[in-house]
J.: 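Starting off with a structure, shown below.
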Amino acid sequence: MKIRKAVIPAAGLGTRVLPASKAMPKEMLPIVDKPAIQFIVEEAVKSGIEDILIITSRGKTTVEDHFDRAPELEARLLANGKEDICRQIVDISKLANIQYIRQKETKGLGHAVYCAKTFVGDEPFAVLYGDDVILGETPACKELCDVYEKYSLGVAGIQPVEPSQIQKYCSLAVEQLGASNIYKVTDMVEKPKPEQVLSNFSILGRVVLPPQIFPILENTSPGANGEIQLTDAMRTLAQQQGMMGVQYSGTRFDMGNKLGILQAAVTVALTHPEVREPFKAYLKQVVSQLD
């Protein structure tokens with residue numbers, strides 16, 4: 001079944017990037033000249049997604065404003081002969097059919113996804129984590145959608161994590177299918193203790209789920225950090241139906257992390273047609289002065 005809908009949880013407070021996120025949602029932090037969440041929405045659209053639900057929270061109306069029309073700005077740009085940039089601004093509002101709902105209490109990622117139950121209905125859907133920008137030639141979301149359409153099972157976007165970091169994420173029990181980048185996922189543990197680590201593979205940033213995840217979420221008790229963890233619900237799903245994992249080909253940048261924000265900006269700047277050459281020259285100059 002073709003995946004037509006996507007959910008982007010973007011309700012977190014962004015405490016790891018304070019004070020920048022005090023008045024500006026972390027999803028709106030720029031990567032050169034686009035906010036992070038626009039990269040995520042564009043990835044969904046390139047993957048064939050038609051309808052997107054963004055889960056927001058209080059103080060994040062700028063996310064909605066960004067994907068809306070801006071008549072006064074558009075008129076000013078046209079009056080100044082800036083047709084190209086005006087067209088880019090208008091095109092943002094035409095990316096997809098985007099809806100919004102507020103997560104009134106931050107009870108965890110599982111709770112945020114559960115807020116999308118009415119939007120999703122009885123269809124499979126993609127979840128693109130609002131903290132994670134993934135850059136690559138093939139959209140990571142599309143790689144997952146293709147596997148879902150083949151196996152009709154939930155799919156997790158997975159990557160190996162440094163053993164010293166695995167306790168910050170989740171750990172998966174996986175079985176590789178041949179020599180491919182596709183795995184069978186049989187178990188998972190959120191924020192595992194050392195004795196609970198199943199492998200150094202973790203779910204990072206993207207999943208595609210069947211609608212059966214909602215009754216599971218409804219009956220999932222708070223887990224790590226006292227929150228309703230999507231990982232706990234997916235563990236039940238994997239045990240009941242089975243799940244797949246895809247080691248996607250793109251590079252993930254954690255936009256809830258100061259270093260991740262800097263890395264994303266450098267990566268995009270090095271390919272940006274307007275700034276790449278002067279930026280390369282600047283980087284070379286800076287690197288030459290490092291110890």
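Just so it is clear, the structure is predicted and the values come from calculations on it, not from any experiment.
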J.: With a sphere of 6.0 Å drawn around CD of Glu137, does it hold more than 12 non-hydrogen atoms of other residues, nucleotides or ligands?
T.: no
J.: Less than 4.5 Å apart, any side-chain heavy atom of Pro211 and any of Glu123?
T.: no
J.: Is there a side-chain contact between Val174 and Thr186, using heavy atoms and a 4.5 Å cut-off?
T.: no
J.: Run the salt-bridge test on Glu190 and Arg235 with the 4.0 Å N-O cut-off and return the result as yes or no.
T.: no
J.: Would you say Lys184's side chain and Leu177's backbone share a donor-acceptor pair under 3.5 angstrom?
T.: no
J.: Might you work through the salt bridge (charged side-chain N to carboxylate O under 4.0 Å, His left out) test for Glu149 and Lys2, ending with a clear yes or no?
T.: CA-CA 6 Å; Glu149 291 169 19; Lys2 185 180 184 300; over 6 Å; no
J.: So does Ala70 get a backbone contact from the side chain of Glu74, meaning a donor-acceptor N/O pair under 3.5 Å?
T.: yes
J.: Cationic tip of Lys191 within the cone over Tyr169's six-membered ring, i.e. under 6.0 Å and within 45° of the normal?
T.: no
J.: Does Pro35 reach the side chain of Thr62, with side-chain heavy atoms less than 4.5 Å apart?
T.: no
J.: Flag the pair Leu53 / Lys5 as yes when at least one side-chain heavy-atom distance between them is below 4.5 Å, and no otherwise.
T.: no
J.: Is the closest side-chain heavy-atom distance between Thr220 and Tyr114 below 4.5 Å?
T.: no
J.: State, to 0.1 Å, how close Pro25 and Gly59 come at their nearest heavy-atom pair, and which atoms those are.
T.: CG-O, 3.9 Å
J.: With side chain to side chain donor-acceptor pair (under 3.5 Å) as the rule and sequence neighbours excluded, what pairs involving residues 252-265 come up?
T.: Arg16-Asp254, Asp132-Arg252
J.: Looking only at non-hydrogen atoms, find the nearest pair between Ala116 and Val7 and report the distance.
T.: CB-CG2, 3.6 Å
J.: Looking at Glu27, His66, Glu43, which one forms a side chain to side chain donor-acceptor pair (under 3.5 Å) with Gln38?
T.: His66
J.: Measure across Ala140 and Ile134 and return the closest heavy-atom pair with its distance rounded to 0.1 Å.
T.: CB-CG2, 3.8 Å
J.: Looking only at heavy atoms, which two atoms of Tyr100 and Val63 are closest? And how far apart?
T.: OH-O, 4.0 Å
J.: Can you confirm whether the side chains of Gln103 and His111 place a donor and an acceptor under 3.5 Å from each other?
T.: yes
J.: Is the shortest heavy-atom distance from the side chain of Pro9 to the side chain of Val127 under 4.5 Å?
T.: yes
J.: Does the side chain of Gln196 pick up a donor-acceptor pair with the side chain of Lys193 at under 3.5 Å?
T.: no
J.: Looking at Ser47 and Lys142, would you say the former's side chain and the latter's main chain have a donor-acceptor pair under 3.5 Å?
T.: yes
J.: Test ring-ring contact (aromatic ring centres under 6.0 Å, His included) on Phe125 and Phe214; report intermediate values, then the result.
T.: CA-CA 12 Å; Phe125 64 106; Phe214 291 112; 5.4 Å; yes
J.: Show every salt bridge (Lys or Arg N to Asp or Glu O under 4.0 Å) that has at least one partner inside residues 94-109, sequence neighbours left out.
T.: Glu105-Lys107
J.: Check the side chains of Glu143 and Ser249 for a donor-acceptor pair under 3.5 angstrom, ignoring hydrogens and angles.
T.: yes
J.: Please state whether the rings of Phe201 and Tyr183 are parallel, tilted or perpendicular, taking 30° and 60° as the class boundaries.
T.: tilted
J.: Under a 4.5 Å cut-off applied to non-hydrogen side-chain atoms, are Leu144 and Arg206 in contact?
T.: yes
